[in-house]
Structures are given as structure tokens and as C-alpha cells.
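Notes follow once the structure below has been shown.
When reading the values below, keep in mind they use all heavy atoms of this one structure, side chains included, and skip hydrogens, waters and symmetry mates.
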Amino acid sequence: MKRLVLALSVAACSLSAPALAKDRVILADRYLDVATGRYVEHPAIFVDDSGRITQIADARTIRLSSEVETVDLKGKTVLPGFIDMHVHLDSPADIGGYRGLEFTDSFFGMTAVGNARAMLDAGFTTVRNVGSGNRNDVGLKQAIAAGYVIGPRIVPAGYALGATGGHCDSTFLPPSLEKPEKEEGIGDSVEELRHQVRRQRKYGSEVIKVCATGGVFSRNTEPGQQQLTEAELKAIVDEAQMWGLRVAAHAHGAAGIKAAIKAGIDTIEHVSLVDDEGIKLAAARAKPVWFSMDIYNTEYTQAEGKKNGVLEDNLRKDREVAQLQRDNFRKAHKAGVRMVFGSDAGVMPHGDAGKQFATMVQFGMTPLDTIRAATINGAQALGQEGDVGQIAAGRFADLVAVDGDPLANIRLLERPAAVIKGGRKIEPTR
């Protein structure tokens, strides 16, 4: 790769400006400033050895020589790397229902490696993994950081918290196969749930995931059922905040959604059956609350679920909530509720997460709205505004390049032309 060095050219002065030694420069036709919604033409984005942006210059005003490595994205439009706030990396989409019992416990952690790479190839340079078995997400984050695996930045939750018999408890096996003690993450009182927050943090969780209602792909629960009280949810939030952690609540049903909002939960996941009161509560809450609504994946689950082994009862629940969730997405966005991008990848193939962008536009967002949901909004919801979500000095040089104008054609985001993480181009897997 050609190596170059930068010296600023000052047309109004007869003296040359001193050379600025930089480690790496990324050149593109333009980048999207997601804060303003405007394109910036001919950027030269400089990156240091830590992978952070040090400076953005106008490539037309600089002359280049031989000491700075270049990443050439000329002809491309560049955006910040995408943030998916709701993924399950150790959940292969094509294994559903009781088919999971065909495999040994460590199998699912092995699949997480390929799933993480698929998300990175799709442009998702940061993901929040909201619940995994065996703390697979924590281990995968560590393996990526140590250079053993290529993947996105991961915000892991470890085990999800929930009530006995609820969506986050194991409900597929008979009592004779049940462990003598409660499953990891399960609590049935304020004290037990506070302990579970501390336990998950102790072993590497960076966000707490809690199941406030029943779910679509669990057995013996209905999405509308509230499964934890507001007092229990409040205790989880208080404990998590004391330790500096944020909380995500799986909540399909209206009552559970409102309890989660009142309890101070940071992000509400799915939000399928939210009512007008819940939307008003979310829009008006002083402490920001974000809706993460996975409105694309039903296309996959209804087409492929039966073949993959998903039980008919689960497919029935999926059908019942799908259009209601999409209609409520439109209502919540129109009402001014803060929104982030959450695909629930794992329910569908991880590499298809970008297909949700077009569905979000279909149900009421502008292309810029959807891009902000997956960049600047996600960074704010994570509390990582200084690291990700924008192309700006101080942030990681996590970028997605496309051919054309994504503000005119949102479907360009489904197949990035290039992905950059920490200033380095990721060669896609094939």
C-alpha cells in the first residue's frame, strides 16, 4: 500500500506549513456528518495507532508524500460504523425449537465467532449482545480484543435476568431435567435480582438485560404478560446504576413496557404492544429512554422458521405481534420517542441485519432518521458518545463505505462496499 506524508499547503503564504506526521489517512469522496445531516466533501481522515481519529482535513488542500499509510475509498460515501443495540451472537438463526438439543453446550459459543464476523462485514462495528448462555458474549469480546478473532466491538450482557418460568428462564424441558437450583440470572425477589445484577457485572457484563414480559420465542409465555413488578425493575435499575451499568428491558406487553419506563430502564426492547400511554411516558421522561424495535426479522422467521424447527406456537405469536409492532413503531417515532437500531439478529441471520434500514423507512422514518438510530443515537444510549457513532476527532475510526447516496437509496446500506474498524479495512469473508 502506498505510504504518504502530509504537508499543508498554504496558498496565501509564501512559506510552507510544517509537515504533520500522521499514522494513517482514509480518503473518500465524502462523509455523512450524522449530527448535521450534511455531507462533507473530500475528507482526509487521519487515524493514530490507537485507531482513533485525530484530525479531518480537506484532501484538496493537502499535498501527500511517503510516510502515511492510506486507505483509499475514493469514489465512496462514508458513514460512521453502525451500532446494533439488540443481537444474540451465539444464536444461529437456522436452529430453532428443540433442535438446539442436538448440540453440545460449547457449540453455540463456536457459532458466535462466525456470527460476529458476519455482523462486522455487514457494517456493524459495534453491537450490544443482550443475553447469552455460558457468557459467550463476554468471552468473544475478550477474544476480539486480544486479536484471536475478528469482530465488532461488543457490549456484553452475560446472562439475562428474569423471573422463574418467565421468558429468560428455560421453559423447554420437563421438571425431571431441571437443575436443583435456579438457572443463572433468575430471581424472584428484589434481593435476588439485586444479587444477579452484581453477579453479572462481576463476570464481565457491561449492560444488564432483564425480561419484563413474556416473549415470542420462549415456551409457556405470552408476549403481553408482565413478569416482573415495577418494584423489582426499579431495584435492578438502582443496583445497575450504582455500579455504572445501563439496563435493557425485553418488554412486548403494554403493562410491562410502562413499568419498565417508570422504573428508569434505559432501553426498551421490542415494544410490540405499547399503548398510547406508554408512548407518552417514553416521549416525556426526563431521563432519556430509547425504544429498540426489531421490525424486520419477521420476514425471515415466517418464511424459514418451520424449516428451522421453530415451534408452531412460537410462529403463531410472531404472526400476532408483527404488524402491531410495526404500526406502533410508526406511532412512537411520530410522537418523538427516541429510537435506536435493534435487529434481534440471531432470530434472523446476522449478516442480514442491514435489511432493517429499509423497513424502518417503510414505517415512517427518513433515511437520515434510520442512520442516526444506528449511529449517534446508539452511541448516546450506550453512553459511548466519545467513542463511536460519529466521524469526528477523538472517536474510533469505525466507518462504512457505500457506492452512491444512502440518503436517496437506503438499501445501499444492506451491502457495504467497505468496512473500516479502528482505521483498518476489514477484508470481507466470502
Test: [X] and [Y] ion pair at under 4.0 Å:
{"X": "Glu69", "Y": "Lys425", "result": "no"}
{"X": "Glu230", "Y": "Lys234", "result": "no"}
{"X": "Lys141", "Y": "Asp137", "result": "no"}
{"X": "Arg201", "Y": "Glu239", "result": "no"}

Grab the two heavy atoms, one from [X] and one from [Y], that are nearest each other, plus how far apart they are.
{"X": "Ser205", "Y": "Ala157", "result": "OG-O, 2.7 Å"}
{"X": "Gln225", "Y": "Thr221", "result": "OE1-CA, 3.5 Å"}
{"X": "Gly389", "Y": "Val34", "result": "O-CG2, 3.5 Å"}
{"X": "Tyr300", "Y": "Met348", "result": "CD2-CA, 3.7 Å"}
{"X": "Val216", "Y": "His167", "result": "N-CE1, 4.3 Å"}

Taking [atom1] in [X] as the centre, count heavy atoms belonging to other residues, nucleotides or ligands within less than 6.0 Å. Is the count above 12?
{"X": "Lys334", "atom1": "NZ", "result": "no"}
{"X": "Arg411", "atom1": "CZ", "result": "no"}
{"X": "Tyr98", "atom1": "OH", "result": "yes"}
{"X": "Lys287", "atom1": "NZ", "result": "yes"}
{"X": "Arg319", "atom1": "CZ", "result": "yes"}
{"X": "Arg285", "atom1": "CZ", "result": "yes"}

[atom2] on [Y] to [atom1] on [X], rounded to 0.5 Å:
{"X": "Leu273", "Y": "Glu222", "atom1": "CG", "atom2": "CD", "value": "10.5 Å"}
{"X": "Ile257", "Y": "Leu281", "atom1": "CD1", "atom2": "CG", "value": "11.0 Å"}
{"X": "Gln227", "Y": "Thr213", "atom1": "CD", "atom2": "OG1", "value": "6.0 Å"}
{"X": "Lys202", "Y": "Trp243", "atom1": "NZ", "atom2": "CH2", "value": "10.5 Å"}
{"X": "Thr125", "Y": "Leu120", "atom1": "OG1", "atom2": "CG", "value": "7.5 Å"}
{"X": "Ile376", "Y": "Ile391", "atom1": "CD1", "atom2": "CD1", "value": "11.5 Å"}

Would you indicate whether the side-chain heavy atoms of [Y] and [X] approach each other to under 4.5 Å?
{"X": "Phe291", "Y": "Asn328", "result": "no"}
{"X": "Lys258", "Y": "Asp275", "result": "yes"}
{"X": "Lys421", "Y": "Arg153", "result": "yes"}
{"X": "Arg117", "Y": "Ile426", "result": "yes"}
{"X": "Tyr148", "Y": "Val113", "result": "no"}
{"X": "Leu399", "Y": "Ile45", "result": "yes"}
{"X": "Val47", "Y": "Arg424", "result": "no"}
{"X": "Thr298", "Y": "Val347", "result": "no"}

Worksheet item: Are Asp318 and Gln302 close enough, and set up right, to give a side-chain contact (heavy atoms from CB on, under 4.5 Å), and what steps lead you there?
Response: CA-CA 8 Å; Asp318 185 44; Gln302 288 301 309; 2.8 Å; yes

Practice prompt. Please test Gln390 against Glu385 for side chain to side chain donor-acceptor pair (under 3.5 Å), starting from the C-alpha separation and ending with a verdict.
Written response: CA-CA 8 Å; Gln390 294 188 67; Glu385 303 98 313; over 6 Å; no

Practice prompt. Show the numbers, then the answer: is there a side-chain contact (heavy atoms from CB on, under 4.5 Å) between Ile154 and Leu140?
Written response: CA-CA 8 Å; Ile154 298 175; Leu140 181 56; 3.8 Å; yes

Say whether, by atom type as modelled, one donor and one acceptor occur between the side chain of [X] and the main chain of [Y] under 3.5 angstrom.
{"X": "Asp48", "Y": "Gly51", "result": "yes"}
{"X": "Glu206", "Y": "Val155", "result": "no"}
{"X": "Gln325", "Y": "His270", "result": "yes"}
{"X": "Thr171", "Y": "Arg219", "result": "yes"}
{"X": "Thr77", "Y": "Gly404", "result": "yes"}
{"X": "Ser292", "Y": "Glu269", "result": "no"}
{"X": "Lys317", "Y": "Ser218", "result": "yes"}
{"X": "Asp90", "Y": "Phe108", "result": "no"}
{"X": "Ser343", "Y": "Ala345", "result": "yes"}
{"X": "Asp294", "Y": "Gly342", "result": "no"}

Worksheet item: Between Lys355 and Glu414, is a salt bridge (Lys or Arg N to Asp or Glu O under 4.0 Å) present by the stated rule, with each step listed?
Response: CA-CA 5 Å; Lys355 293 181 178 180; Glu414 295 176 12; 5.9 Å; no

Angle class for the [X]/[Y] ring planes (parallel below 30°, perpendicular above 60°, tilted otherwise)?
{"X": "His333", "Y": "Phe329", "result": "parallel"}
{"X": "Phe357", "Y": "Phe341", "result": "tilted"}
{"X": "His250", "Y": "His252", "result": "perpendicular"}

Practice prompt. Let me see the working for Asp94 and Arg99 under salt bridge (Lys or Arg N to Asp or Glu O under 4.0 Å), right down to the final yes or no.
Written response: CA-CA 9 Å; Asp94 59 350; Arg99 283 203 55 222; 5.7 Å; no

Item to complete: Begin with the C-alpha distance, continue with both residues' side-chain angles, and end with the deciding distance and a verdict on salt bridge (Lys or Arg N to Asp or Glu O under 4.0 Å) for Asp327 and Arg330.
Response: CA-CA 5 Å; Asp327 292 341; Arg330 187 192 298 275; 5.4 Å; no

Worksheet entry | From CA spacing to verdict: side chain to side chain donor-acceptor pair (under 3.5 Å), Thr164, Asp169 | CA-CA 6 Å; Thr164 295; Asp169 195 11; 4.8 Å; no

Worksheet entry | Worked verdict on Glu320 versus Arg316 for salt bridge (Lys or Arg N to Asp or Glu O under 4.0 Å) | CA-CA 6 Å; Glu320 289 176 355; Arg316 182 264 307 169; 3.2 Å; yes

Item to complete: Mind running side chain to side chain donor-acceptor pair (under 3.5 Å) on Asp29 and Tyr39 for me, showing each step along the way?
Response: CA-CA 10 Å; Asp29 273 17; Tyr39 285 118; over 6 Å; no

Fill in: Given Arg246, Arg128, Lys209, the one that forms side-chain hydrogen bond (donor to acceptor under 3.5 Å, both in side chains) with Thr267
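The option that passes is Arg128.
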
Item to complete: Starting from the C-alpha separation in whole Å, work towards a yes-or-no answer on side chain to side chain donor-acceptor pair (under 3.5 Å) for Gln200 and Gln196.
Response: CA-CA 6 Å; Gln200 300 318 311; Gln196 285 297 334; 3.1 Å; yes

